[in-house]
*Asks:* 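I am attaching a structure below and will ask some questions about it afterwards.
Atom set for the values below is all heavy atoms of this structure, side chains included, hydrogens, waters and symmetry mates excluded. None of these values were measured; they are calculated from a predicted model. Protein chains get the first letters and strands the later ones, always in sequence-line order, with residue 1 at the start of each.
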Amino acid sequence: MTNWKTIIACISATAFFAPMAAQAEIGSTLAGVKERGALSCTGHNGSYLGLAEVDDKGNWQGFDIDLCKAMATAIFGTHEGHLNIQPTSWAQRWPSIQSGELDIIIKSSGWTFSRDTDIGMQFSRPYLMASINYMASADTGAESAADLDGGTLCVQTGTTTERNAVEHAAANGYDIEVVPFEKTEEAKAAFLSGRCDAYIEWDLQLAVMRATEIENPDDFVILPDSLSAEPVAMVVRQGDDNWVDIANWLLSALMIAEKSGVTSANVDEMKANPPTPSVAKLLGATPGFGGQLGLEDDWAYNVIKTHGNYSEIWERNLGNGSPYGLARNVNGLIRDGGIMFPLVLD
Amino acid sequence: MTALDHAEIRAMGPSLTESLRRRYFSSPGNTAISLVGGALLLWIVWTVLNWAVFKSVWTTPDGTSEVCKGIDGACWAVIHQRGRLIIFGLFPYEEQWRSTLACVAMLITAILSCVPWFWNALRLAMLWVVGFAIFYILMRGGFLGLLSVRPSEWGGLTLTVFIYAAGILVGMPMAIAFALLRRSELPVISGFIAGLIDGVRSLPLITILFAAALIMPFILPGWLQGDKIWRVIFGFGLFFAAYQAEIIRSGIQALPVGQEEAAKALGMSYFHRTTRIILPQAFRNALPPTINQFVITFKETSLVVIVGFFEVLASGNAAYGSGEWSFAYVEVYVFVGLIYYVFVFSLSRYGAYLERRMRVGQH
């Protein structure tokens with residue numbers, strides 16, 4: 001992968017210093033999108049389970065894809081005909097957005113210092129925490145990380161996950177014996193064959209593994225403790241504050257809706273009889289939520305009507321409505337014990 | 001030795017059982033090795049057949065992977081259910097007949113250009129212009145009442161075939177030009193072309209594709225950029241040309257100097273000498289490595305996935321990339337492998353036919 005990093009760095013450098021011949025103008029992404037009549041958002045070059053998949057008829061679906069659709073809906077009132085999903089490889093993300101081929105990257109991208117500063121990107125608030133969790137075999141009866149006391153853990157040596165486990169165990173006063181393996185596949189195979197009590201990975205990857213590689217998914221549980229979490233955010237070109245605002249308030253609108261109990265099913269009713277002034281403003285019953293962003297006042301209504309609130313998008317793509325059955329855990333709202341929160345709509 | 005001699009010898013040779021005995025069972029050691037080898041071969045064939053045919057599931061009645069639960073064999077139902085995704089990628093479902101026709105048009109064009117009747121510059125050029133026009137109209141749409149489909153939605157086998165055909169078509173004239181220019185008597189030109197060829201050859205294809213797709217937009221003015229797919233095809237063609245130019249040059253240099261000198265002595269112009277005397281013989285000499293290069297290039301089309309094109313391997317990846325079908329990646333890769341096999345094997349066979357026709361092997 002080092003190769004790719006070098007290439008990305010080179011290209012980013014080129015992107016930075018080359019005369020910007022055909023760039024989207026800074027500060028005018030929304031105007032450019034409206035003029036084109038379509039939002040260019042990221043797909044994957046293949047499938048990335050749960051986040052970007054292709055259905056039988058060649059249509060994109062998944063958590064990241066639904067956020068792309070929500071973004072297009074916020075701008076145009078519907079995503080049908082107004083969304084170009086560009087199949088994009090990992091390495092291609094940054095140069096593609098710099099060249100204006102993409103308007104926004106919603107592709108499981110972690111918010112890191114170098115991405116934020118070196119390569120001229122700006123991040124939205126995180127829409128997902130890539131949480132590192134344990135998966136244990138159900139026989140152990142473990143319900144939390146502390147129950148693994150005295151057990152064994154299969155890990156790939158030298159990875160951050162191994163360090164996460166050691167630190168978490170030390171801090172929380174339980175003992176876990178680390179069984180190191182050279183490769184991920186080896187560690188995984190050893191765990192599945194019963195060599196260890198637990199395995200450690202990003203919880204989404206664990207859920208995917210449980211749904212797709214394991215004969216009987218009920219034999220394994222993902223423990224709720226989050227050992228560490230990497231923030232995953234939308235990425236836009238630096239210097240367009242309005243565009244970042246739209247991304248941030250889109251995410252907030254989805255979370256306000258969840259917090260206030262607004263769903264795709266009851267959104268019409270809620271709009272007719274808003275329970276709180278904040279919901280009234282969210283759904284455009286009272287004006288003021290759209291104009292400042294350059295959108296229609298009922299943009300959030302359209303988004304929720306079509307795609308649902310944060311929880312509905314989660315359940316459909318990653319949670320109980322999907323093959324993966326991933327629990328929210330750290331990605332829940334604060335009131336549910338997670339760390340997700342909407343900004344305040346005043 | 002001619003073919004006739006072979007046949008005669010075979011007719012006069014020992015009977016089948018006799019030759020079997022001589023070849024495989026001539027001594028106890030030989031017999032043992034033959035038996036063990038034969039048993040191993042049978043076992044492998046049996047295992048593969050068992051997996052691929054006898055214990056496999058071919059269709060899915062309800063579109064889910066339920067039918068494949070608990071079977072030992074291959075789950076070909078994934079191809080039944082997701083095959084269209086592999087062949088057409090992200091092309092809109094209702095419009096996929098267009099993609100089919102476009103792919104067929106491109107294949108027919110390719111097959112026709114293998115027929116000797118088309119082998120002159122004018123006919124070949126006409127054939128490919130018509131072929132490409134049909135392909136483009138069908139795929140791009142946007143007029144004649146056809147729904148417009150952006151190239152970023154093209155995909156699957158159709159895209160692979162298109163990128164391959166277009167890349168070769170761009171690359172071949174470039175290769176001929178490079179080969180001739182490299183032999184130029186002006187050191188500036190030959191030196192420049194030599195540098196270009198060596199430069200392109202020393203870069204990995206993936207870097208060239210990446211640069212064509214992603215760096216070019218920063219450098220070229222807007223009106224010169226075109227769609228990403230054309231830039232990638234140009235990069236692909238350039239890479240092909242660098243290798244093919246050297247193959248053609250080797251073909252040219254294998255010709256006796258007297259050929260060109262005789263043509264000069266007859267007062268033929270450079271153009272005539274090149275197109276009538278040099279190039280036809282050079283191509284004949286260079287046929288085996290040329291076919292080789294064609295085959296390699298076909299397989300290299302899979303690299304465009306790195307710049308976000310949904311060619312057949314990427315759409316294969318998408319086909320098993322859902323919670324429902326992710327267990328069936330072996331079946332999908334076998335299927336995609338078969339597609340590659342059919343294409344590459346046909347190419348090799350065609351190359352063998354050409355060699356027989358031109359009797360290259362007889363020299």
Side-chain angles (χ1 to χ4, degrees), chain A residues 3-4 7-8 10-11 14-23 38 40 42-50 52-62 84-96 98-102 207-209 211-215 317-318 322-325, chain B residues 63 65 69-70 81-85 87-96 99 150 152-156 204 206-207 210-211 213-225 228 304-311 313-329:
Chain A
N3 270 342
W4 280 116
I7 293 172
I8 295 167
C10 291
I11 287 167
T14 321
F16 224 73
F17 298 115
M20 302 284 169
Q23 304 312 287
S40 285
T42 40
H44 193 61
N45 53 347
S47 273
Y48 196 58
L49 289 175
E53 302 176 7
V54 185
D55 74 4
D56 294 348
K57 300 198 166 183
N59 299 312
W60 287 102
Q61 60 181 29
N84 296 344
I85 302 271
Q86 305 277 9
T88 307
S89 64
W90 296 113
Q92 195 192 346
R93 288 176 286 184
W94 319 122
S96 285
Q98 290 290 15
S99 72
E101 191 189 336
L102 292 170
V208 164
M209 167 181 159
T212 61
E213 293 175 37
I214 293 172
E215 192 86 4
N317 293 300
L318 306 173
S322 75
Y324 314 114
Chain B
S65 58
K69 289 267 166 1
Q81 187 64 21
R82 309 279 281 180
R84 282 179 73 163
L85 183 58
I87 305 290
F88 302 117
L90 302 170
F91 208 79
Y93 195 72
E94 286 74 25
E95 306 286 324
Q96 284 176 357
S99 189
R150 290 169 297 115
S152 65
E153 288 176 294
W154 299 6
I206 222 162
T207 319
F210 214 85
L214 301 167
I215 299 182
M216 282 302 138
F218 292 108
I219 299 166
L220 296 177
W223 56 270
L224 204 64
Q225 281 181 26
K228 189 168 80 175
V304 297
V305 69
I306 207 68
V307 287
F309 283 107
F310 239 72
E311 51 72 60
L313 205 59
S315 57
N317 175 283
Y320 70 76
S322 77
E324 190 75 32
W325 294 107
S326 58
F327 64 92
Y329 56 92

*Asks:* Can you list everything that forms a salt bridge (Lys or Arg N to Asp or Glu O under 4.0 Å) with B/E153? Sequence neighbours excluded, please.
*Replies:* B/R150

*Asks:* So, for B/F218 and A/Q98, which heavy atoms are closest and what is the spacing to 0.1 Å?
*Replies:* CZ-CB, 3.5 Å

*Asks:* List in chain and number order the residues that pass salt bridge (Lys or Arg N to Asp or Glu O under 4.0 Å) with A/D56, two or more places apart in sequence or in another chain; answer none if no residue qualifies.
*Replies:* B/R82

*Asks:* CZ of B/F309 to CD of A/Q86: how many Å apart, nearest 0.5 Å?
*Replies:* 9.0 Å

*Asks:* Might you point out which heavy atoms bring A/L49 and B/S326 nearest each other, and give the distance in Å?
*Replies:* CD1-CB, 4.2 Å

*Asks:* Ignoring hydrogens, what is the shortest heavy-atom contact between B/L85 and A/D55? Give both atom names and the distance.
*Replies:* CD2-O, 3.9 Å

*Asks:* Sort B/S322 into side chain, backbone, both or neither according to what part of it lies under 4.5 angstrom from a heavy atom of chain A.
*Replies:* both

*Asks:* So which residue, B/G156, B/G89, B/G316, B/A318, ends up with the most heavy-atom pairs under 4.5 Å with chain A?
*Replies:* B/A318

*Asks:* Can you tell me which portion of A/N59 sits under 4.5 Å from chain B's heavy atoms? Options are side chain, backbone, both or neither.
*Replies:* neither

*Asks:* Which pair of non-hydrogen atoms, one from A/N45 and one from B/G308, has the smallest distance, and what is that distance?
*Replies:* CB-CA, 4.5 Å

*Asks:* At a heavy-atom separation under 4.5 Å, does A/P87 approach chain B through its side chain, its backbone, both, or neither?
*Replies:* both

*Asks:* Where is the tightest heavy-atom contact between A/Q92 and B/V307, given as atom of each residue plus distance?
*Replies:* NE2-O, 2.9 Å

*Asks:* Nearest heavy-atom pair of A/H44 and B/F310: which atoms, and what distance?
*Replies:* O-CE1, 3.1 Å

*Asks:* Please look at A/E101 and chain B and tell me whether the side chain, the backbone, both or neither of the residue comes under 4.5 angstrom of a heavy atom of that chain.
*Replies:* side chain

